[in-house]
Each structure stands twice: as structure tokens, then as C-alpha cells.
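Because the structure is predicted, anything quoted here is derived from the model rather than measured. Computed from heavy atoms alone, side chains included, the values below leave out hydrogens, waters and symmetry copies. Within every chain, numbering begins at 1; the chains are lettered A, B, ... in the order of the sequence lines, protein sequences first and strands thereafter.
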Protein chains: 2
Amino acid sequence: MYPNLVKQIRRYVKLDEHEVQILYKYVKLSSLNKKEYLLKEGQICRAFYFVEKGCLRMFFINSKMAEQITQFALDGWWIADYFSYIDNKPSEYYIQTIEKSEILSIDVLSLDDLIKELPQIERYFRLIMQKALAASQLRTKYMSEMTKEEFYLHFSSSFPDFVQRVPQYMIASYLGLTPEYVSELRKKKP
Amino acid sequence: MYPNLVKQIRRYVKLDEHEVQILYKYVKLSSLNKKEYLLKEGQICRAFYFVEKGCLRMFFINSKMAEQITQFALDGWWIADYFSYIDNKPSEYYIQTIEKSEILSIDVLSLDDLIKELPQIERYFRLIMQKALAASQLRTKYMSEMTKEEFYLHFSSSFPDFVQRVPQYMIASYLGLTPEYVSELRKKKP
DNA sequence: CGGTCTCTTGACGGAGTTCAAAGCTAGTGG
DNA sequence: CCACTAGCTTTGAACTCCGTCAAGAGACCG
């Protein structure tokens, strides 16, 4: 039913067919069109979202009333506002589809029950959190050691297909530079 | 023996006295002076470090041969190079004491055994990884919505005691600005 | 006290932003 | 299937935040 979810979990822990059925009891599918929201500012984030297929962005509105993207999520990735979820506080973020997407959500309140039924899910989440933290450490390192020009070139050569897939201004926002400057850089090195 | 470690774990999971003794079998204490290293560039990070008392910094050497701090760790915090640990690759970071410190380390190879003996430790690590990720998301948000001036003022008013505790140039490095600019900001708003 | 870190000052420069306007492109409805 | 429009990208000029450099003043430690 949700092959990408199962494939992704099996990269870290064992999960037999029967257990997959148990897992499915806790998972809800949303089929969304472009620009639909999973989370809006002011709501409390009560679910982890998994991209079975498609693409999401997470952003907030900064003091200049502009959308500032902090994260993308592609096929096989999880996304959530962990701060809102842990402290049960209204989120300052939006999570929105960039294209037509199949999104799975696990309600965080039922996560404990799921873990009781399938203890290996606890391990799975520990491991992917660790991985997300590693990715976050790496991004911090890149941001601090590169100029904005280098950061852009590094990003677009690391993910050439992704750069084609989403609008330039979103890439710019995510990397912390202006669309105008990205445009200048593309002219320089096509 | 290690009251801060136990106190910190008990904020998330149950741990009776007998279990504390089991935990201690897996934990090694290092009493370090100022400027001693737990990890150096080129080594593989094979442990999670817990600050029982004292203060650590994690940094790398950037292209200008300057130390770039990416993280601090105070009493009750964990630190590690997750990237090096997960992929078993040589680290690009140094982890060093800023002051005389009591550091506990858990070898990552024995972590699985520890979890077999005390399954709640798996949950504990899942929860603190989640928390670290939330903190990381928040830092990213602050960095992208504030100017460097605002970022510095926000940081130093959020952690006034910490700013006193470590040298100015380390704060500057962590926040991604030059010591000269920090000096200018302090003159403006003392 | 001497020497080595650490912090401050000020002049200068440049990477990257801002603003305004024009040129494209793609989605939508007629 | 074409035309229209809203949204996206490009251009160029002016500007500014903050880094760089160099030199001096403190501060801390053996």
C-alpha cells in the first residue's frame, strides 16, 4: 500500500508482513494537490509527516512579511515542527505541498501505542532523528564555511534535479539569499 | 556517582537504583583540564559525550585556517559528531574543553548492549535527539530571520551568564561574526 | 613583571541586498 | 487552442552591513 514508507523503515529495522499491517493501522494517507497545507502558523503540530511521493516545504513569515523556507522534504523524508510538538505550542511554521503529493501522517499521540505494538519503531525513530541531526550539523558547517556564492553553487551541483524541480525563488529563500542574486549567479556560471 | 547524568535521564524515563548501576557499567569518566581534546580532526567519533560538569566546544578549521565553532555543550548536554559516527568516517571536527570538566562517554559500539539491558535508554535517546533537532530548527530560524546584530543581542540577552563564562571571540565564532564586530556591538549597547 | 592571549578602534572595501522596472512563462478560462 | 494574466526571473544602479587589516591597549598567567 505504502511501499516507500515500508522500504524506508526496513533500511533501519526488521518489519515482517504482519507487522506492516499493524503499522498501517496508525498511518493516515492524504492525497494533496499543489499548494495545499498540512500545517499553518498558529496550529499545534500533532503529527509526523512522511512524503510517500511528492515534495513539501516548511516556511515561516519573517518580519518583512516574506516567506522564509527552512526545510524541504522529498520522497522518503519525514518532516514536522518538533518544537511545537514537544512543547505543545502553536507553530510558527507552515508546511505546504510544492507539487501534487501523497503524504502519510502518524499522529504523535498514537505513536506511543504504535511503539508498544512494534518496539522496533522506537529504534527506527531514534536512528532517523540521529540522521536528521547529522544532516543539520552538516548544513550548519556548510553555511559557516562557505560564502553565499559557494553555498549556492555547492547546493545546485549537489542536487541538480531538485533545482530544476522547484522554483528558483524557493531555492533562494532556503539558502538565505535573494532571487536577484541567484539570478546573477546563474548568469555567471550557467 | 554521576548525579547530573541520572537526573537528566530521569527527566525522560524511569531508572531505579539497580538500573543506575547497570548504566554505570557502560559509562566512562574523564576528568579533563582546560583545552583538552575529546576528539580531533581525522579521528572517527566513536562515543557520545555527556557534560557532567564543565563546558565543551566543537569546532572545525575553515579554509582561512581559523577555528569555526559550531556548538557548545554545557552541564547536562550531550555532544558528538553524528555524521562521523553514523558513516564511520573521519571527523572534520575537534571537541575540546573550554574549562576544567567532568566528561562521561558512552561508547557507541556498546550502546546496543546497554539498550538490551535497559530498553528505556532507547526511548531516552530518541527523545533527546528529537529535542536536539528542535533546538537546531530554532537556531536555523533565528539565523535566517535576524541580522547579525539582532542575532548577537538576542543570544547575549538569552544567555547572559554564558556570555560572561567564555571568551568573546568564541561567542563571535559561534554566531558567525568577527570579534571586531562584536566589540563594536558591545560599545553600542553595553 | 615580561610575554602571550584577548579585546578594542578606526579606516576602507566588497559581497550581497534593495528597489524599480521590464521581460518571460505557464496556467487558466473562454 | 489561443490569449490573458499573474507569478516568476532578469537587469542594473545605488547602497549598506559587516568583514578585513593594522595597530594599540588590556588582561591574564607563569
Side-chain angles (χ1 to χ4, degrees), chain A residues 32-36 54-55 57 59 61-69 72 94 96-101 142-156 160 162-190, chain B residues 33-37 55 57 59 61-69 72 94 96-100 142-156 160 162-190:
Chain A
L32 301 174
N33 284 317
K34 204 173 173 173
K35 299 208 177 179
E36 291 202 78
C55 182
R57 65 174 180 145
F59 66 91
I61 307 294
N62 66 20
S63 56
K64 291 165 200 153
M65 299 291 112
E67 296 174 355
Q68 173 66 53
I69 297 175
F72 292 110
Y94 298 80
Q96 189 197 40
T97 54
I98 295 181
E99 54 192 50
K100 206 167 183 306
S101 304
Y142 285 152
M143 286 199 66
S144 64
E145 76 181 329
M146 296 182 189
T147 65
K148 300 215 162 176
E149 175 169 6
E150 288 165 343
F151 196 42
Y152 171 76
L153 293 173
H154 179 263
F155 184 84
S156 56
F162 180 68
V163 172
Q164 298 301 96
R165 190 166 161 187
V166 311
Q168 297 292 318
Y169 77 94
M170 289 193 187
I171 305 285
S173 172
Y174 175 69
L175 297 177
L177 24 82
T178 60
E180 292 93 333
Y181 189 53
V182 168
S183 183
E184 195 181 320
L185 294 175
R186 299 185 85 215
K187 189 173 47 169
K188 256 168 70 177
K189 306 216 175 174
Chain B
N33 284 318
K34 204 172 170 172
K35 299 208 176 181
E36 292 202 77
Y37 290 93
C55 183
R57 64 174 180 145
F59 65 92
I61 306 295
N62 67 20
S63 55
K64 291 165 199 153
M65 299 291 110
E67 296 174 354
Q68 174 65 53
I69 297 174
F72 292 110
Y94 298 80
Q96 188 197 40
T97 53
I98 295 181
E99 54 192 51
K100 205 166 183 306
Y142 286 152
M143 285 200 64
S144 63
E145 75 181 329
M146 296 182 189
T147 65
K148 300 219 160 174
E149 175 169 5
E150 287 165 344
F151 196 42
Y152 171 76
L153 292 173
H154 179 263
F155 184 85
S156 57
F162 180 68
V163 172
Q164 298 302 96
R165 190 167 161 187
V166 311
Q168 296 292 319
Y169 77 93
M170 288 194 187
I171 305 287
S173 172
Y174 175 70
L175 297 177
L177 25 84
T178 60
E180 291 93 330
Y181 190 53
V182 168
S183 185
E184 194 181 323
L185 294 175
R186 299 186 85 216
K187 190 172 47 166
K188 256 167 68 177
K189 306 216 177 178

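At whole-Å resolution of the value, CD1 in B/I171 and P in C/dT8 are 13 Å apart. Rounded to an integer number of Å, the gap from B/I98 CD1 to C/dC5 C1' is 16 Å. Between the CD atom of A/Q164 and the C1' atom of D/dT9 there is a distance of 14 Å, given to the nearest Å. Between the P atom of D/dG19 and the CG atom of B/L175 lies a distance of 11 Å, rounded to the nearest Å. Rounded to a whole Å, the CE atom of B/M170 is 14 Å from the C1' atom of C/dC7. Note: NZ (B/K188) to C1' (C/dT8) measures 16 Å, nearest angstrom. Rounded to a whole Å, the OH atom of A/Y169 is 12 Å from the C1' atom of D/dA6. We find that CZ of B/F151 is positioned 12 Å from P of D/dC18, with the value rounded to whole Å.
In this model, the phosphate group of C/dG10 is approached by a side-chain N or O of B/K187 to a distance below 4.0 Å at OP1 or OP2. One finds a side-chain N or O of B/R186 lying less than 4.0 angstrom from the OP1 or OP2 phosphate oxygen of C/dT8.
Each salt bridge (Lys or Arg N to Asp or Glu O under 4.0 Å) pair with one or both residues in residues 166-183 of chain B, not counting sequence neighbours, would appear here, but there are none.
Considering only heavy atoms from C-beta on, B/F162 comes within 4.5 Å of B/F72 through its side chain. At least one side-chain heavy atom of A/E149 sits under 4.5 Å from a side-chain heavy atom of A/Y181. Taking the side chain as every heavy atom from C-beta outward, A/M143 and A/L175 never approach each other to under 4.5 Å. Side-chain contact check for B/I61 versus B/E67: some heavy-atom pair is nearer than 4.5 Å.
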Sugar-phosphate or base contact per nucleotide [nucleotides 12-29 of chain C; S, B, -; heavy atom under 4.0 Å]: ----SBBBB---------
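Atom-to-atom distance recorded for A/Y174:OH and A/Q68:CD is 11.0 Å, nearest 0.5 angstrom.
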